[in-house]
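Reviewing the structure listed below.
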Amino acid sequence: MSMFVFSDALLEWFDVHGRHDLPWQVSDDPYKVWVSEIMLQQTQVKTVLQYFDRFIGRFPTVQDLGTATWDEVAPYWAGLGYYARARNLHKAAGIVAAQNHFPETLEEWMALPGIGRSTAGALMSLGLRQYGVIMDGNVKRVLSRFFAIEDDLSKPVHERAMWQLAEKLCPVERNHDYTQAIMDLGATVCTPKKPLCLYCPMQQHCKAHQQGLENELPFKKAKKSVPVRSAQVLVLQCGKQWLWQQRPNSGLWGGLWCLPILEEAHELEQMRQNLGLKQVAQKVGISHSFTHFTWQLEGLIFAIDPDLQEHLSIELGGIWMEPTDAIRAGIPTAMKKLISASKL
DNA sequence: AATTCGTGGCT
DNA sequence: TAGCCAAGAAT
């Protein structure tokens, strides 16, 4: 009698139904796999496809990225979100370029900024084609269903258990195919909603399916309400040029170019007096939703006298650019919304 | 341990 | 359509 082996069943399914045509599925370039793994963190494949080729085209090797300046990199990540990923990738590329060789072990990969245990596993497996184990959203969903884990997976006890299961199931033979396969299964069959159990190679051995729990798992925590914050945005216009500030490296939109944002109500009046700003020519409002809060941004458009231009840029620590040049330098999506709203 | 960190595809 | 949530890591 034949025994059910998780990896055998998965690999057999993968050979016929897996994704084999993604641009980062290369056997000869850990750098491309690396870039893709960072871009794909919390980001759908379809979204990354719009950025990956352009990024690789501009920075074809780790040396190209590692020796570039941040200002050269930012435009190629702008709009993709989670900008700490780009800052860490850039920093790490500098380290690898200086060393002149890629990390060779899980620990060496994890020592680089922006690379945690799962991404390091992916790089061992998909990048170097050695042994590596991953633990992404797909794997968590597949395992939580296969083993019918009905509790909050973010609890440390389950976090540890999931890694143990993932390592136990992960084969040495065809390791990189298996890594790709379990993500493909999660993305195309064992989906978050309406999983296609009929087409799943695990169907008869999946505890969630056996118990009719596939639509209930994985366990979802009660979602807390998303707070709404408001802020004012200075749209300082001098002819065609607007005043832009580069955001500090840490925090929201770190390293991107933004219009000056005032989060405290009293800041505006202070600012108007100190800077000699006259009356608001026009107001525009936009709403921008993040995962953790919604921002109501009120754009205050000022017509700036050319005599004040240099003073303002020094005082506010910014530079004057036309919106098209700011976009070229790298701005977050909300700023694009404000530009559009200001031109109506 | 709980937060922070973006944006867009999908239903 | 409003909400879910995606190839997570850092703090």
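Each chain gets a letter, A, B and so on, in the order its sequence line appears, and its residues count up from 1. On a predicted model such as this, the values are computed, not experimentally measured, just so you know.
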Interatomic distance at P, dA10(C) relative to dG8(B), whole Å: 24 Å
Rounded distance in Å - CZ (R19(A)) to C1' (dA6(C)): 11 Å
Sugar-phosphate only, base, or nothing, as touched by E159(A) at under 4.0 Å among non-hydrogen atoms: nothing
Protein-nucleotide distance (I38(A), atom CD1; dA10(C), atom P), rounded to Å: 9 Å
Cation-pi geometry met for R247(A) and W257(A) (6.0 Å, 45°): no
Value in whole Å for how far the C1' atom of dA10(C) lies from CG of L89(A): 15 Å
Sugar-phosphate, base or nothing in reach of I182(A), heavy atoms under 4.0 Å: nothing
Salt bridge present between D151(A) and K155(A) (N-O < 4.0 angstrom): yes
Euclidean distance for C1', dA7(C) against dT3(B) (whole angstrom): 22 Å
Sugar-phosphate, base or nothing in reach of W24(A), heavy atoms under 4.0 Å: base
E263(A) versus Q232(A), side-chain donor and acceptor atoms under 3.5 Å: no
Check: S125(A)/N175(A) side-chain N/O donor and acceptor closer than 3.5 Å: yes
Between P of dA7(C) and NZ of K140(A), the distance in whole Å: 12 Å
Integer-rounded Å distance: dA7(C) P and Q180(A) CD: 11 Å
Trace of the side chain to side chain contact (heavy atoms under 4.5 Å, CB included) decision for V235(A) with Q237(A): CA-CA 6 Å; V235(A) 186; Q237(A) 302 180 338; 3.6 Å; yes
Sugar-phosphate, base or nothing in reach of V45(A), heavy atoms under 4.0 Å: base
Nearest-angstrom distance from the residue atom CE of M183(A) to P of dC5(C): 20 Å
Residue mapping more 5' on DNA chain C - nearest nucleotide basis, I115(A) or L40(A): L40(A)
Where protein sits on nucleotides 5-11 of chain B, one letter per nucleotide: B base, S sugar-phosphate only, - none, heavy atoms under 4.0 Å: BBBSSS-
Members of residues 119-133 of chain A that approach DNA chain C, where some heavy atom sits under 4.0 Å away: T119(A)
Parallel, tilted or perpendicular: ring planes of W109(A) versus W34(A), cut at 30 and 60 degrees: perpendicular
Aromatic ring pairing W295(A)/W253(A), orientation class (parallel under 30°, perpendicular over 60°, tilted between): tilted
Aromatic ring pairing F146(A)/F4(A), orientation class (parallel under 30°, perpendicular over 60°, tilted between): parallel
Pair D184(A), Q180(A): side-chain N/O donor-acceptor within cut-off below 3.5 Å: yes
Integer-rounded Å distance: dG8(C) C1' and M162(A) CE: 14 Å
Close aromatic pair by centroid cut-off 6.0 Å: Y199(A) and H17(A): no
Gap between atoms CE and C1', on M110(A) and dG8(C) respectively (whole Å): 12 Å
